[in-house]
Number of protein chains: 2
Amino acid sequence: MNIGEAAALSGISAKAIRYYESIGLIEPAPRSDGGYRSYGDTDVAFLTFIRRARGLGFSVEDVTNLLGLYRDRNRASADVKAIAQAHVAGIERKVAELESIRRTLTHLIENCHGDERPDCPILDDLAGAATPGDARLV
Amino acid sequence: MNIGEAAALSGISAKAIRYYESIGLIEPAPRSDGGYRSYGDTDVAFLTFIRRARGLGFSVEDVTNLLGLYRDRNRASADVKAIAQAHVAGIERKVAELESIRRTLTHLIENCHGDERPDCPILDDLAGAATPGDARLV
DNA sequence: ATAATGTTTCCAGTTACTGGAAGGTCAAGG
DNA sequence: CCTTGACCTTCCAGTAACTGGAAACATTAT
């Protein structure tokens with residue numbers, strides 16, 4: 001099948017498939033007489049694997065390693081697990097950071113009139129001024 | 001003062017200050033005879049505002065708008081609040097997405113032996129196979 | 001034959017900067 | 001006066017992971 005069909009079946013755009021080939025994430029596809037890339041079911045399976053891994057937020061570098069393990073019949077599941085655990089740790093750091101920001105902003109928003117008047121604790125905080133009667137939020 | 005001192009006082013790198021000038025986030029600084037950018041306390045205050053806004057995850061585009069409101073004595077606090085609320089909404093979407101991924105991965109990790117054996121529910125899931133005795137996790 | 005669709009490669013743009021190169025400026029020391 | 005070193009200047013590249021678009025070729029349908 002051509003790249004368009006492989007794209008539709010795998011859920012990865014044709015552009016992205018070419019990109020993955022260009023960076024070496026997938027093998028260069030064999031070409032037809034006219035120069036079109038040609039894919040089989042196995043290729044679609046790999047592409048689907050990639051889509052799902054990317055959908056879980058794994059970096060392309062992680063996916064490279066996961067694909068390597070997927071192909072390796074002698075892999076140790078410990079190696080897969082380690083990649084996933086490191087990824088989860090990164091996600092947890094990110095969530096903690098976002099939650100901290102969310103709490104700060106939510107607090108500032110609650111104290112902002114949100115009307116036509118100009119005074120605003122959000123701007124006060126950004127400007128570095130202490131919100132009156134309130135500990136500095138950072 | 002020169003850019004280095006403004007950078008140290010504001011907590012923004014000299015590189016970033018030049019970048020902010022290049023994209024129009026801040027006004028071009030006046031130059032000394034030798035061509036050095038020259039900053040005053042007001043400039044440092046603006047830079048500090050930018051650093052704090054960026055630290056709360058506001059995009060540079062948001063910061064442009066926040067700075068505009070900060071400068072505008074006739075602003076409506078409602079406009080500031082709206083920007084902050086939209087940002088919080090985006091953060092909440094992101095957190096929800098990350099939490100969903102975290103739950104999926106944590107579940108898969110718990111069911112992975114993590115030893116020298118090759119079978120691994122994480123790879124099974126990525127490959128699209130149902131984890132034995134377990135509903136498909138996505 | 002021609003039109004429509006699919007595919008090819010290549011370049012640019014996205015976000016928000018950072019790193020580095022090549023070269024000018026400035027203050028202090030010899 | 002000259003040099004050294006710290007600081008500054010501009011400009012180009014690179015980052016992550018693609019997407020959009022242009023120009024041209026291939027294939028299929030009418």
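What you see below is based on every heavy atom in this structure, not just the backbone, and it leaves out hydrogens, waters and symmetry mates. Just so you know, these numbers come straight off a predicted model, no measurement behind them.
Distance B:Tyr39 OH to D:dT9 C1': 12 Å, rounded to the nearest Å. Between B:Asp33 atom CG and D:dC7 atom P there is a gap of 21 Å when expressed in whole angstrom units. Rounded to an integer number of Å, the gap from B:Tyr19 OH to D:dC12 P is 17 Å. Regarding B:Arg18, its CZ atom lies at a distance of 12 Å from the C1' atom of C:dT18, rounded to whole Å. The separation between A:Leu25 atom CG and D:dA16 atom C1' is 13 Å, rounded to whole Å. Regarding B:Asp62, its CG atom lies at a distance of 12 Å from the P atom of C:dT15, rounded to whole Å. To the nearest angstrom, C1' of D:dT10 lies 12 Å from CD of B:Glu21. B:Ile26 places its CD1 atom 11 Å from the P atom of C:dC17, with the value rounded to the nearest Å.
Below the 3.5 angstrom threshold, one finds no donor paired with an acceptor across the side chain of A:Tyr36 and the base of C:dT7. For B:Tyr20 against C:dC17, a side-chain-to-base donor-acceptor contact under 3.5 Å is absent.
Using a distance-only test at 3.5 Å, with no hydrogens or angles considered, no donor-acceptor pair links the side chain of B:Asn2 to the main chain of B:Gly4. In terms of modelled atom types and a separation under 3.5 Å, the side chain of B:Arg54 and the main chain of B:Phe58 share a donor-acceptor contact. A:Asp79 contributes no side-chain N or O that, together with a main-chain N or O of A:Arg75, makes up a donor-acceptor pair within less than 3.5 Å.
The pair B:Arg117-B:Asp119 does not meet the salt-bridge criterion, since no charged nitrogen lies less than 4.0 angstrom from a carboxylate oxygen. Under 4.0 Å is where a charged nitrogen must lie from a carboxylate oxygen, and between A:Glu99 and A:Arg102 at least one such pair does.
Using a 4.0 Å heavy-atom criterion, one finds that A:Arg54 contacts the sugar-phosphate atoms exclusively. When heavy atoms are screened at a 4.0 angstrom cut-off, A:Ser32 is found touching no nucleic acid atom at all. Using a 4.0 Å heavy-atom criterion, one finds that A:Arg37 contacts the sugar-phosphate atoms exclusively. Counting any heavy atom pair closer than 4.0 Å across all strands shown, B:Phe58 reaches no nucleic acid atom. Residue contacts for B:Ile23: at a heavy-atom cut-off of 4.0 Å it reaches no nucleic acid atom on any strand shown.
A 4.5 Å side-chain heavy-atom check between A:Leu67 and A:Phe46 finds at least one atom pair inside the cut-off.
Contact annotation: B:Ser13 side-chain N/O to C:dT18 OP1/OP2 distance is under 4.0 Å. Side-chain nitrogen and oxygen atoms of A:Arg31 include at least one within less than 4.0 Å of the OP1 or OP2 phosphate oxygen of C:dT9.
In the helix from C:dA1-D:dT30 to C:dG30-D:dC1, the end axes, each obtained as the rotation axis mapping the C1' atoms of four pairs onto the next four within a five-pair block, lie 30° apart to the nearest 10 degrees.
Using a 30° and 60° split on the angle between ring planes, A:Tyr70 and A:Phe49 fall in the parallel class, below 30°.
A:Tyr36 and A:Ile26 fall into different hydrophobic clusters, where Ile, Leu, Val, Met, Phe, Trp and Tyr are joined by side-chain heavy atoms under 4.5 Å apart, directly or via other members.
Between B:Glu5 and B:Lys15, the residue anchored nearer the 5' end of DNA chain D, judged by the nucleotide with its closest heavy atom, is B:Glu5. Looking at which nucleotide of DNA chain C each of B:Gly34 and B:Ser59 is closest to, the 5′-most match is held by B:Ser59.
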